Amino acid sequence: QVQLVESGGGLVQPGGSLRLSCAASGSIYRRYDMGWYRQAPGKQRELVAGIDSGGSTNYADFVKGRFTISRDNAKNTVYLQMNSLKPEDTAAYYCKGRSLALGLSYWGQGTQVTVSS
């Protein structure tokens, strides 16, 4: 019922920046906790950053000081601003939403980020 669509990935040089977007269809983001996860080939999917319905954020240690998560509830969109990108940031990035009312989680299909010189 709820669909999440990520965009903004691509190829970037080390030290560069990208902004990822996650757009939700037919949902109310203010009633959802949202997060960004990433998964590299052969590795476990891991939390990158989260933002709850009240706007509080949390970050994985490996992105603190480099990445910023934000949300625009009017647009039903969550963002991940990524600065000072490193080759080890290369992964598929996924958006996750959790309904506070239903206790259900939804995943997007992912957007690829490749950091290479």
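Values below: all heavy atoms of this structure, side chains included; hydrogens, waters and symmetry mates excluded. Computed from a predicted model, the values in this text were never measured in an experiment.
Counting only heavy atoms from C-beta outward, the side chains of Phe62 and Glu46 approach each other to under 4.5 Å. Leu47 places a side-chain heavy atom less than 4.5 Å from the side chain of Asn58. For the pair Val2/Tyr32, a side-chain contact is recorded, criterion being any heavy-atom separation below 4.5 Å from C-beta on.
Atom CG of Leu104 is separated from atom CZ of Arg98 by 7.5 Å, given to the nearest 0.5 angstrom. A distance of 5.0 Å separates CZ of Arg45 from CH2 of Trp107, quoted to the nearest 0.5 Å. To the nearest 0.5 Å, atom CZ of residue Arg19 and atom CG of residue Asn83 are 11.5 Å apart. Taken from CD1 in Ile51 to CH2 in Trp36, the straight-line distance is 12.0 Å, to the nearest 0.5 Å. A distance of 11.5 Å separates CG in Leu85 from CD in Gln13, rounded to the nearest 0.5 Å. Between atom CD of residue Glu6 and atom CD of residue Gln109 there is a gap of 7.5 Å, rounded to the nearest 0.5 Å.
Under a hydrophobic clustering in which Ile, Leu, Val, Met, Phe, Trp and Tyr are joined whenever their side-chain heavy atoms come within less than 4.5 Å, directly or via other members, Val113 and Met34 fall into the same cluster. Hydrophobic clustering, with ILVMFWY side chains joined whenever heavy atoms are under 4.5 angstrom apart, keeps Tyr79 apart from Tyr59. A continuous path of ILVMFWY side-chain contacts below 4.5 Å connects Val12 to Leu80, so both sit in one hydrophobic cluster. Tyr94 and Val78 are members of different hydrophobic clusters when ILVMFWY side chains are connected at heavy-atom separations under 4.5 Å. Taking hydrophobic clusters as Ile, Leu, Val, Met, Phe, Trp and Tyr residues chained together by side-chain heavy-atom distances below 4.5 Å, Ile69 does not share a cluster with Tyr37.
Taking a 6.0 Å sphere around CD of Glu88, one finds it holds more than 12 heavy atoms contributed by other residues, nucleotides or ligands.
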Discussion item. Pair Gln81, Ser70 - check side-chain contact (heavy atoms from CB on, under 4.5 Å), show working.
Written reply: CA-CA 8 Å; Gln81 178 66 47; Ser70 61; over 6 Å; no

Practice prompt. Report the C-alpha separation of Leu11 and Gln112 in whole Å, then their side-chain angles, then the decisive distance to 0.1 Å, and conclude whether the side-chain contact (heavy atoms from CB on, under 4.5 Å) test is met.
Written response: CA-CA 8 Å; Leu11 176 64; Gln112 180 67 37; over 6 Å; no

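Proximity of a side-chain donor or acceptor of Ser53 to a complementary backbone N or O of Arg31 within less than 3.5 Å is not detected. In terms of modelled atom types and a separation under 3.5 Å, the side chain of Asp52 and the main chain of Gly55 share a donor-acceptor contact. The backbone N or O of Gly9 lies less than 3.5 Å from a partner atom in the side chain of Thr111, making a donor-acceptor pair. Judged by distance alone, the side chain of Gln3 and the main-chain N or O of Ser25 form no donor-acceptor pair under 3.5 Å.
For the pair Lys64 and Asp61, the salt-bridge criterion is met [side-chain N within less than 4.0 Å of a carboxylate O].
Partner of Met82 under the side-chain contact (heavy atoms from CB on, under 4.5 Å) criterion, out of Leu18, Val48, Asp89: Leu18 alone.
Residues Cys95 and Leu4 approach most closely at O-CD1, 3.8 Å, considering heavy atoms. Annotation for Ser117 and Pro14: closest pair N-CD, 3.7 Å, computed over non-hydrogen atoms. For the pair Ser84 and Ser17, the tightest heavy-atom approach, listed with the atom from each and the gap, is N-OG, 4.3 Å.
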